[in-house]
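Okay, structure first, notes after.
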Amino acid sequence: MKKTSALAVTALVALAAAACGSGGDESDAGADGGTTTITVFAAASLTSTFEELATDFEAENDGVEIQFNFAGSSDLVAQLQEGAPADVLATADEANMDKATADDLVGTPTLFASNTLEIAVPPGNPAGITSVDDLTADGLNLVLCAPEVPCGAAAEAVAEAADLDLSPVSEEQSVTDVLAKVGTGEADAGLVYVTDVIAAGDDVEGVEVPDDVNAVNLYPVATVAESEEADLAQAFVDLILAPTGQDALADAGFAPAP
Amino acid sequence: MTLTVDATVDERGVDVALEVAEGETVALLGPNGAGKSTVLSVLAGHLVPDRGRVVLDGRVLTSLGRPGERRTQVAPHDRRVSLLAQEPLLFPHLTVLDNVAFGPRSTGVGRSGSQETARRWLEEVGVADLAGRRPSEISGGQAQRAAVARALAATPSLMLLDEPMAALDVDVAPQLRQTLRRVLAERTVLLVTHDVLDALLLADRVVVLEDGAVVEQGPCAEVLSRPRSTFAARVAGLNMLRGTWRDGAVEVVHGGRSMRVEGIAADPVPGEGEEAVAVFGPSAVSVFLEAPHGSPRNLIEVTLSDLAPHGGQVRVRADTLSADVSVRAVSELDLAPGTRAYFVVKASEVAVYRTR
Amino acid sequence: MGVPRWLFVPALLGAAFVLLPLVAIVARTPWSRFLELITSESSREALALSLRTSATSTLICVLLGVPMAVVLARTSFRGQGILRSLVLLPLVLPPVVGGIALLYTFGRRGLLGETFEVLGLQVAFSTTAVVLAQTFVAMPFLVVSLEGALRSAGRRYEAVAASLGARPTTVFRRVTLPLVLPGLASGAVLAFARSLGEFGATITFAGSLQGITRTLPLEIYLRRETDAEAAVALSLVLVVVAVVVIGFARQSRSAV
């Protein structure tokens with residue numbers, strides 16, 4: 001039942017696409033002896049690092065082009081489950097990677113980085129936040145990720161470890177949403193990844209969360225089982241794990257995988 | 001005088017001055033685009049003239065561009081001027097009774113009082129039995145009667161009628177015309193119409209507009225029997241030739257040819273060189289294919305433009321002139337559009353008079 | 001009047017394009033868990049919040065949109081065309097942009113935010129913010145539909161009413177409004193439906209907290225993270241509510 005309806009929708013879309021006469025896609029380009037494209041599905045927090053690495057990778061491998069799909073980890077896995085074509089999957093947590101592994105969508109994942117949480121505050125820290133204990137202050141506009149998404153789960157872990165009863169004014173869909181609310185000053189504080197605070201530049205300031213209560217998010221990467229460019233996909237994974245990749249990740253604020 | 005109007009609307013090239021006495025019905029005649037609707041809009045307050053003055057019952061409704069006078073433009077709802085248009089425009093969401101009660105209701109009369117007034121007016125125009133219906137459930141003629149009742153129930157000082165019969169079936173119009181004749185008597189009314197019957201039966205006086213100005217006015221019978229304007233002549237169904245009075249005849253230029261038209265000159269006889277008109281009915285005209293000889297008759301060379309049945313006869317038109325001839329004559333002479341012919345009319349059948 | 005036969009082919013394709021995704025949702029709905037999924041506390045709260053805020057924003061749309069439509073349809077002044085285009089802007093603006101714009105207006109550091117702060121009002125992260133976001137995106141639907149109704153109704157009935165001695169307010173109340181009631185009703189329904197589906201401006205401006213700001217679309221989007229089936233079940237609820245609303249609108253239109 002599920003399969004047939006999905007098929008019908010795909011058929012319709014394909015029909016429409018065919019009617020529009022959009023012929024040329026990446027496989028055509030490859031057959032021309034032009035460029036070969038590999039598609040990388042990566043968690044949004046990896047955007048700047050991966051784009052940097054892609055430039056290196058394309059320079060080293062002539063005629064290869066990397067196409068990215070940056071999104072929330074669960075979106076990426078859902079898209080793979082629906083049959084979206086990809087060669088590499090890198091998620092921001094193990095739970096979502098586990099879903100992909102369980103469906104045999106990817107090969108064996110490797111952990112390549114870890115990320116911890118930090119308190120993001122608006123520039124100038126108007127609410128004067130100095131520690132996680134300040135997050136329970138009365139009238140404080142605290143914004144977290146929803147527990148359903150990885151950064152929210154991590155925030156819950158911090159609250160539990162530090163024995164805090166956090167009452168956020170909003171549980172956002174993504175780190176971006178949390179940062180936006182803190183950056184515009186709507187919120188006084190938010191819990192996001194260290195890398196996000198760094199990536200946000202001057203928009204927000206970071207207040208450290210002590211290691212003993214911090215949550216550690218592990219980033220796994222794997223090649224996609226149905227990849228038509230398995231070798232190139234593995235090569236990109238290798239680049240991430242190599243010193244070049246690890247240095248770039250460290251620059252963005254990621255810690256090495258344990 | 002209850003109503004005096006003097007208004008200029010530059011954009012529409014209208015500059016009109018007219019008066020309507022208390023209890024008088026004045027028919028406003030004129031070709032399309034002459035400015036009749038503009039005059040009504042100015043009176044109703046929907047159109048603000050560039051300059052002008054409108055006074056009704058001593059109340060200044062409009063005074064614009066008058067040195068030394070306060071600028072005044074009274075809002076439509078405060079003018080006590082009711083408008084009856086071609087279409088009844090009954091409010092579709094109200095019953096007939098509530099439509100008629102709308103005026104009194106809006107001016108502060110209570111619900112039952114308004115409805116009582118409304119019922120009286122519906123009876124007056126003969127549609128009391130339709131009080132509970134919706135406008136969509138009654139005929140066009142009935143709706144127009146209700147619209148008359150509605151306009152009257154608002155107790156206007158001035159009634160404006162804009163071709164009230166134009167949208168009605170020909171067999172309904174006469175009855176409504178009779179009703180209007182009855183209910184509009186003794187009221188101050190300005191009636192815009194194309195129909196000479198409306199003017200004859202409803203109006204005391206006729207005002208003819210052409211190109212945005214009054215060209216002629218007077219009692220209906222006089223204007224229609226002795227028209228001085230081309231339009232009035234056409235409305236009256238008369239032929240008119242306009243020219244200059246010289247040596248006992250009207251010198252006319254018709255169809256590019258100069259000719260003399262002789263007739264019976266009415267008092268006061270036009271002075272030499274004065275503008276004058278020669279007027280004659282279509283039935284006074286005979287049609288010949290060749291110029292006849294003999295008795296002193298007026299001879300007009302024409303090219304026929306149109307033939308149409310007209311009350312058992314055939315009306316033969318040539319440009320602005322027309323002649324009524326028998327069907328037999330048409331077939332004997334083989335008349336058709338394009339035929340060159342002569343319109344012949346005896347001098348004794350032509351009325352000649354000054355244009356002013 | 002005949003319809004060219006070939007028109008049916010693209011017409012059917014178009015209908016299929018709109019209807020198939022709905023079929024897909026029904027096909028994917030986890031019926032065995034359906035009741036459990038849509039009656040969970042968070043689902044119920046999201047639906048209740050959506051209905052409450054949409055009703056409120058529709059009311060505000062009517063209160064402010066009706067005068068706006070009347071002014072746009074019945075008067076003319078310099079810059080009216082530009083004003084109309086600007087007022088209708090939310091129709092074509094991505095809702096996220098609307099959310100950002102609202103943030104910089106009613107947010108803490110926004111144009112009016114400081115005034116509100118002084119008054120002790122905080123708009124951001126409150127249900128009020130949800131209503132503001134919905135009103136912002138829904139208002140043009142009401143204004144457009146009502147202005148169209150006003151224009152096609154024309155001014156002749158109003159002119160007659162005035163000539164009968166009715167003051168402008170009386171004309172508006174007893175003639176204009178009743179005449180455009182069907183247009184107003186369908187405009188209000190459209191506004192309600194748009195409010196119900198509002199997502200982008202809400203998530204940008206209002207935030208997301210169960211029972212306070214997390215409306216049904218936000219709940220659906222969030223559920224996708226962990227339980228795709230729940231998201232599908234809730235989507236179906238939203239589809240059903242929308243169908244009911246549109247059906248209601250059709251009925252009320254044909255009744256007038």
Side-chain angles (χ1 to χ4, degrees), chain B residues 37 40-41 43-47 61 74-95 98-109 111 114 117-118 121 134-136 143-144 146-162, chain C residues 62 65-67 69-78 80 142 145-189 248-256:
Chain B
S37 301
L40 288 197
S41 298
L43 288 174
H46 297 311
L47 182 69
L61 297 185
V74 174
H77 68 268
D78 257 348
R79 297 189 153 225
R80 301 180 62 82
V81 174
S82 272
L83 179 71
L84 183 68
Q86 263 186 40
E87 285 144 50
L89 294 177
L90 295 180
F91 306 128
H93 56 286
L94 298 180
T95 61
D98 286 338
N99 260 284
V100 181
F102 187 92
R105 217 45 197 112
S106 300
T107 43
V109 181
R111 189 182 171 80
S114 308
T117 309
W121 278 110
R134 296 265 169 183
S136 57
Q144 192 64 309
V148 171
R150 179 176 66 175
L152 292 171
T155 60
S157 301
L158 171 69
M159 278 280 284
L160 303 176
L161 280 72
D162 190 359
Chain C
V62 168
V66 171
V70 170
V71 169
L72 285 177
R74 288 288 187 263
T75 64
S76 55
F77 49 87
R78 272 171 67 94
Q80 190 183 27
L142 186 118
S145 127
L146 188 59
E147 198 196 340
L150 282 165
R151 285 189 184 281
S152 64
R155 314 173 79 148
R156 298 192 306 165
Y157 288 108
E158 291 161 15
V160 168
S163 86
L164 296 172
R167 312 185 150 275
T169 305
T170 312
V171 176
F172 177 70
R173 191 171 51 82
R174 291 202 60 204
V175 176
T176 311
L177 270 189
L179 279 179
V180 298
L181 206 57
L184 176 59
S186 67
V189 166
F248 175 77
R250 283 181 53 90
Q251 205 162 32
S252 75
R253 186 180 284 193
S254 59
V256 177

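Chain identifiers are assigned alphabetically (A, B, ...) following the order of the sequence lines, protein sequences preceding nucleic acid strands; residue numbering begins at 1 within each chain.
The contact between B:Leu94 and chain C is made entirely by side chain atoms (from C-beta outward), counting heavy-atom distances below 4.5 Å. Both the backbone and the side chain of B:Arg150 come within less than 4.5 Å of a heavy atom of chain C. Looking at C:Arg155, neither its backbone nor its side chain comes within 4.5 Å of chain B, counting heavy atoms on both sides.
Pairing each heavy atom of C:Tyr157 with each of B:Phe91, the nearest pair is O-CE2, 3.4 Å. Of all the heavy atoms in B:Thr107 and C:Gly165, the pair that sits closest is CG2-O, 3.8 Å.
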Requested in this report: Begin from the C-alpha positions of B:Phe102 and C:Val160 and carry the test side chain to side chain contact (heavy atoms under 4.5 Å, CB included) through to its verdict.
Outcome: CA-CA 10 Å; B:Phe102 187 92; C:Val160 168; over 6 Å; no

**Report entry** Working for side chain to side chain contact (heavy atoms under 4.5 Å, CB included), residues C:Ser163 and B:Val81
**Finding:** CA-CA 6 Å; C:Ser163 86; B:Val81 174; over 6 Å; no

Query - Worked verdict on C:Thr170 versus B:Arg105 for side chain to side chain contact (heavy atoms under 4.5 Å, CB included) - result: CA-CA 10 Å; C:Thr170 312; B:Arg105 217 45 197 112; over 6 Å; no

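The number of heavy-atom neighbours closer than 6.0 Å to CZ of C:Arg167, taken from other residues, nucleotides and ligands shown, is 12 or below.
Chosen from C:Leu164, C:Leu179, C:Val171, the residue pairing most often with chain B at heavy-atom distances under 4.5 Å is C:Leu164. Your options are B:Pro104, B:Ala85, B:Pro92, and the one with the most heavy-atom pairs under 4.5 Å with chain C is B:Pro92.
A donor-acceptor pair under 3.5 Å is absent between the side-chain atoms of B:His77 and the main chain of C:Ala161, judged by distance alone.
Distance check: C:Arg156 CZ to B:Leu83 CG gives 11.0 Å after rounding to the nearest 0.5 Å.
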